[in-house]
Amino acid sequence: MARPFDVTAVETKWQARWLDEGTYEVDNDDSRDRFYALCMYPYPSGTAHQGHIRNYTFGDLVVRYQTMLGRAVLSPLGFDSFGLPAENAAIKAGSHPRPFTEARMQELKTSLKRLGAVYDWRREVYSHDPEFMRWSQTIFLRFLKAGLAYRAEAPVNWCPGCLTVLANEQVLADGTCERSGDLVERRNLEQWFFKITDYADELLFDLDSLEWPERVKTMQRNWIGRSEGVEFDLPLLSDPTKALRVFTTRPDTGFGVTYAVVAPEHPLLEELTTEDQRASVEALVARAATESDLERTASSDSGAGLEKRGAFTGSHVLNPFTNEPVPVFVADYVLGTYGTGAIMAVPAEDERDHAFAMVHNLAVVRTTEPPEDFEGGAYAGDGLHINSGFMDGLDVASATVLATEYLAEHARGVAKVNYRLRDWLVSRQRFWGCPIPIVYCSVCGIVAVPEDQLPVLAPDDVSMTVSGQSPLATHEAFRTTTCPVCDSPAERESDTMDTFCDSSWYFMRMADPFTANAAFDPTQVAKWMPVDQYIGGIEHAILHLMYARFYLKAMIDIGFAPGLAREPFRRLFTQGMIRLDGTKMSKSRGNLVAPEQYYDTVGADGLRLFHLFAGPPADDVDWTDQTDEVIDGCGRFIDRFYRLSQLDGVNFHEEVDDVDQEVRRSVHRTIAKVTSDFNRWSYNTAVAAIMELLNTVSKWARSEHGAQRATFDEAIDAMLKLLAPMAPHVTAEAWERRYPGRDGVHQQHWPVADPDLVKSATITMVVQVNGKVRARLEVPPDISMADAAAEALEDATINATLAGATPKRIVSRPPRLVNIIV
RNA sequence: GGGGGCGUAGCCCAAUUGGCAGAGGCAGGGCGCUUAAACCGCCUCCAGUGAGGGUUCGAAUCCCUCCGCCCCCA
């Protein structure tokens, strides 16, 4: 493609200038209004792919736009540089993850610089920086001191392929590892946990105050899974002094409890199991031990599947409502970790209880009258109670109140709130992460490494060969140490922290990486936090965002970050994915389209424009056969604009006439349109509006009539400013050529539309008769309802159409439309 | 299985939230420029909104049912 300027030279020149002049460096004591714009810091996987390009194009647009609005914009970048892929690659290559990771960081950095994305590089944060690790470890120890970190043995998801523990969320619905695809097993290990459940309510309720996409908030609410209910006793038939404690959200259905179910891990199971049932119970327990929570709670088809998933214990408990004995089963779908590990079963009002009851021939007693036309097994909706003694005739809400009172009196019932959210398991049996700064002393037990000895760094000569345990545990010199308290022989913790720990506070470090001997100075960070605009992928909707919210709240509460607002991200934008052949474009799928090939042809500006133009930013983008042509089209647009800005083929005339004035109106309408589109994340329409304006201005200026000079300059300057956040290089270059030696286009103030020019003198009003368009009238935009109707009725065409008929009704919606009904 | 989202010209997408279905782009066609082609400039073709029903003076937009994709949770 023949370009009117040397794209590579221009882009290189401006990238170097922004970097050398520190154009986008910002100090913490800047006196302007502040704006913190942040893209989720990337995992350094090598050169940027289109997903990165899209993400950082949006982010850079925000940075440059907010700067032009006159704000001091904090725009940092860093790298989420710990993690499994680097470790696996290092194992494969027989090298160390650090050089591997740092090479990938450099590649990604280079790609992003070539995109023209601008950052304050003095604030770069990366997870494996010893200074950053020092504070990650300090925060861990402060959590420990505050009782927010604890060690417990717990069943964990063990991936036999990765030889590590996985978080629940790393296990797919089919019970396989999201990374290796191996079937995940259950194992018990001593692990470190953070008490995120202490914050369940706050994490839930504070969502209301956030300007986040509703769907993300919904996902977080579901993940927390708050449910209000009652915990109460089902006395054992064999020994009524003992009881099975259960939790339910539907105490009102108590008369319909026809059996109870305990989890395979339940402590009373042994006692409940009778000799003749022992074999089948033990078989079930053994089988459940090999399954993940997700497998166990996944709904399975009724019939044989369900039959195998439950076994009768041989014992009975008493239903406290009816005082009738009901059988106790054990089933894998009841989890030992949720609620009390036991449930009451109401087959008439619960889908799964019903399926289970059918398979095991258990009684079904309805307590809620379903609607007349209801067909099916369990009815979970509202209705009047039946077969329910003192609750008969009541709806669910009233019955629930009475049932709760009844249970409080008769079954040691207490109202209780349960959560689906579990405490955060942070231990990882991997090498390439931040070591947990703990030693286990033969005398003192668990001992924190003194803060003045942090960071605890892993030695470089560790064998990462897969061994089934933490690589650090195999390094004698690292593992063997002495107790910092009593000097007795001790062992270092050999697990590392979940990388989500790093991403939970990096944005605070970025706000103030300058204060010596501190993670940050809270008063400095408070100048920037919360992040005004956070941008990232929807895949982080639950975990990263939940953990970061927890970290901030906890750090404030333990005095580590006093004075900060309790939510880290005020506004969140989640961009759509790039898809190729129907699947997400990603390195692991190997379906990447590299940006470099476009830098050399249409340039970074062209590629940026494509991503802005391709569709709504929140929507997925399909990379197709046509995409290259669209990208070329974006390059063509830049060229057309550049030529016009350099007066190529333009005719001028002296006096302003009506035609010039109409162009001015277009310019100001476009300014208004682009500004409002920016504020509503509608970049595709903003680009389209500028394309439209270019068409208008170009035809006008190149026509025989030509352009009035001042009007033309106003149009070009406006377009340069509007495009500056989108296509920064070409606009910087064109501006400099128009105004050599003056401040650059990115130092200009964002244009403001003149309201008088935005509103047109007249607007086309449609006049309909019976919903059909019969006439179009030019009317003032502020025409009244009565005047609009009157003008419509005076119109000759309308009168002809009406042919003397009397209107039954006139719908007047000025200034758009009048509809006359006859 | 539950929750959410999306279906508009050949394709990607607009339609300021219930008011003329078309802004922009891609592809296609034509004309001009050119010895010719590319580039460039101008012009142009193309849908009644996945299907069916309802509400309304009026529905792409709101409400039901179905179909097809996508995402989240199970």
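- Atom CZ in A:Arg3 sits about 15 Å away from atom C1' in B:A38, given to the nearest Å.
- A:Arg809 has its CZ atom 9 Å from the C1' atom of B:U56, to the nearest Å.
- Counting only heavy atoms from C-beta on, A:Glu629 has its side chain closest to B:A27 among B:A27, B:C20, B:C57.
- A donor-acceptor contact closer than 3.5 angstrom links the side chains of A:Ser784 and A:Asp787.
- For B:G19, the OP1/OP2 oxygens have no side-chain nitrogen or oxygen of A:Arg813 closer than 4.0 Å.
- Taking atom P on both nucleotides, B:A15 is separated from B:U61 by 15 Å, rounded to a whole Å.
- Along RNA chain B, the nucleotide nearest A:Asn819 and the nucleotide nearest A:Ile542 are compared for position; the residue whose nucleotide lies closer to the 5' end is A:Asn819.
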Polar atoms only, N or O, under 3.5 Å: list the protein pairs with nucleotides 31-34 of chain B and their distances.
none

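- Syn is the conformation of B:G48, whose glycosidic angle sits no further than 90° from 0.
- B:A23 and B:C12 are spaced 14 Å apart, taking the C1' atom of each and rounding to whole Å.
- Pair assignment for B:A51: B:U65, on the basis of Watson-Crick or G-U wobble contacts that are both within less than 3.5 Å.
- Listed nucleotides: B:C40, B:G25, B:C20. Nearest to the side chain of A:Val630: B:G25.
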Item to complete: Test side-chain hydrogen bond (donor to acceptor under 3.5 Å, both in side chains) on A:Arg737 and A:Tyr642 and set out the steps.
Response: CA-CA 11 Å; A:Arg737 284 170 183 257; A:Tyr642 185 84; 3.1 Å; yes

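- Per the geometry, CZ belonging to A:Phe641 stands 18 Å off P belonging to B:G24, to the nearest Å.
- Put simply, A:Arg640 has a side-chain N or O that comes within less than 4.0 Å of OP1 or OP2 on B:G41.
- Contact record, A:Pro751 with A:Ile671: O-CG2, 3.6 Å, taken as the closest heavy-atom pair.
- Nucleotides B:C46 and B:G29, compared at atom P, are 16 Å apart to the nearest Å.
- Counting only N and O atoms by type, the side chains of A:Asn695 and A:Arg640 include a donor and acceptor under 3.5 Å apart.
- Mapping A:Glu692 and A:Val766 onto RNA chain B via the closest heavy atom, the residue that lands nearer the 5' end is A:Val766.
- Residue A:Arg702 places none of its side-chain N or O atoms closer than 4.0 Å to OP1 or OP2 of B:C40.
- Residue A:Thr764 is in base contact, counting any heavy-atom pair closer than 4.0 Å across all strands shown.
- The ring pair (Phe, Tyr, Trp, His ring centres under 6.0 Å) pairs that include a residue from residues 786-822 of chain A number zero, where partners must be two or more places apart or lie in different chains.
- Across all strands shown, A:Gln768 has heavy atoms under 4.0 Å from base atoms, whether or not it also approaches the sugar-phosphate.
- Applying the salt bridge (Lys or Arg N to Asp or Glu O under 4.0 Å) test to residues at least two apart or on different chains, none of the pairs has a partner in residues 807-822 of chain A.
- Across all strands shown, A:Arg816 has heavy atoms under 4.0 Å from sugar-phosphate atoms exclusively, and none from any base.
- The interatomic distance linking A:Ile821 (CD1) with B:G19 (C1') rounds to 12 Å, in whole Å.
- When all heavy atoms of A:Gln220 and A:Ile542 are compared, the pair lying nearest together is NE2-O, 3.4 Å.
- For A:Arg579 against B:C70, a side-chain-to-base donor-acceptor contact under 3.5 Å is absent.
- A:Phe652 and A:Phe712 have their aromatic ring centers within a separation under 6.0 angstrom.
- Across all strands shown, B:G41 is found opposite B:C31 as a Watson-Crick or G-U wobble partner, with both distances under 3.5 Å.
- If you check the side chains of A:Ser227 and A:Asn418, you find no donor sitting under 3.5 Å from an acceptor.
- Applying the 4.0 Å criterion to OP1 and OP2 of B:C73, one finds that A:Arg420 has every side-chain N and O outside that range.
- Here B:C70 presents its P atom at 15 Å from CG of A:Leu580, a figure rounded to the nearest Å.
- Atoms CD (A:Gln220) and P (B:C73) sit 12 Å apart, rounded to a whole Å.
- One cannot find a donor-acceptor pair under 3.5 Å joining the base of B:G5 and the side-chain atoms of A:Arg215.
- As rounded to the nearest Å, B:G58 and B:C42 have C1' atoms that lie 39 Å from one another.
- Evaluation of the ring pair (Phe, Tyr, Trp, His ring centres under 6.0 Å) test over residues 750-787 of chain A, restricted to residues two or more places apart or in two chains, returns A:Tyr65-A:Trp750, A:Phe678-A:Trp750.
- The gap from the P atom of B:G48 to that of B:C31 amounts to 29 Å, rounded to the nearest Å.
- A sub-4.0 Å separation between OP1 or OP2 of B:C43 and a side-chain N or O of A:Lys699 is present.
- In this structure, a donor-acceptor pair under 3.5 Å is present between the side chains of A:Asp795 and A:Thr797.
- For the residue pair A:Leu335 and A:Ala263, the shortest heavy atom distance occurs at C-CB, 3.7 Å.
- Within a heavy-atom distance below 4.0 Å of RNA chain B, no residue of residues 662-672 of chain A is found.
- Partner assigned to B:G58 is none, using Watson-Crick or G-U wobble distances below 3.5 angstrom.
- At the phosphate of B:G25, OP1 or OP2 sits under 4.0 Å from a side-chain N or O atom of A:Asn695.
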Restricting both atoms to N or O, compile the protein contacts to nucleotides 11-14 of chain B shorter than 3.5 Å, with distance only.
from, atom 1, to, atom 2, distance (Å)
B:C11, O2, A:Gln626, NE2, 3.2
B:C12, O2', A:Ala614, O, 3.2
B:C13, O3', A:Asn684, ND2, 3.4
B:A14, OP1, A:Asn684, ND2, 3.1

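- The glycosidic torsion of B:U65 lies more than 90° away from 0, placing the base in the anti range.
- For the pair A:Ile538 CD1 and B:C71 P, the computed distance is 12 Å after rounding to whole Å.
- Figure legend: A:Arg571 and A:Trp212 shown without cation-pi pairing, the cationic atom not lying both under 6.0 angstrom from the six-membered ring centre and within 45 degrees of its axis.
- Atom CD1 of A:Ile224 is separated from atom C1' of B:C72 by 15 Å (rounded to the nearest Å).
- Nucleotides B:U44 and B:G52 have their C1' atoms positioned 36 Å apart, rounded to a whole Å.
- When the P atom is compared between B:U17 and B:C13, the two are found 23 Å apart, to the nearest whole Å.
- Residue-level contact check: A:Arg221 touches neither bases nor backbone, having no heavy atom under 4.0 Å from any strand.
- Taking atom P in both B:C11 and B:A51, one finds a spacing of 14 Å when rounded to whole Å.
- Under the 3.5 Å distance criterion, the side-chain polar atoms of A:Glu349 are matched with a main-chain donor or acceptor of A:Thr368.
- Within the cation-pi definition used here (under 6.0 Å to the ring centroid, within 45° of the axis), A:Arg3 qualifies as a partner of A:Phe5.
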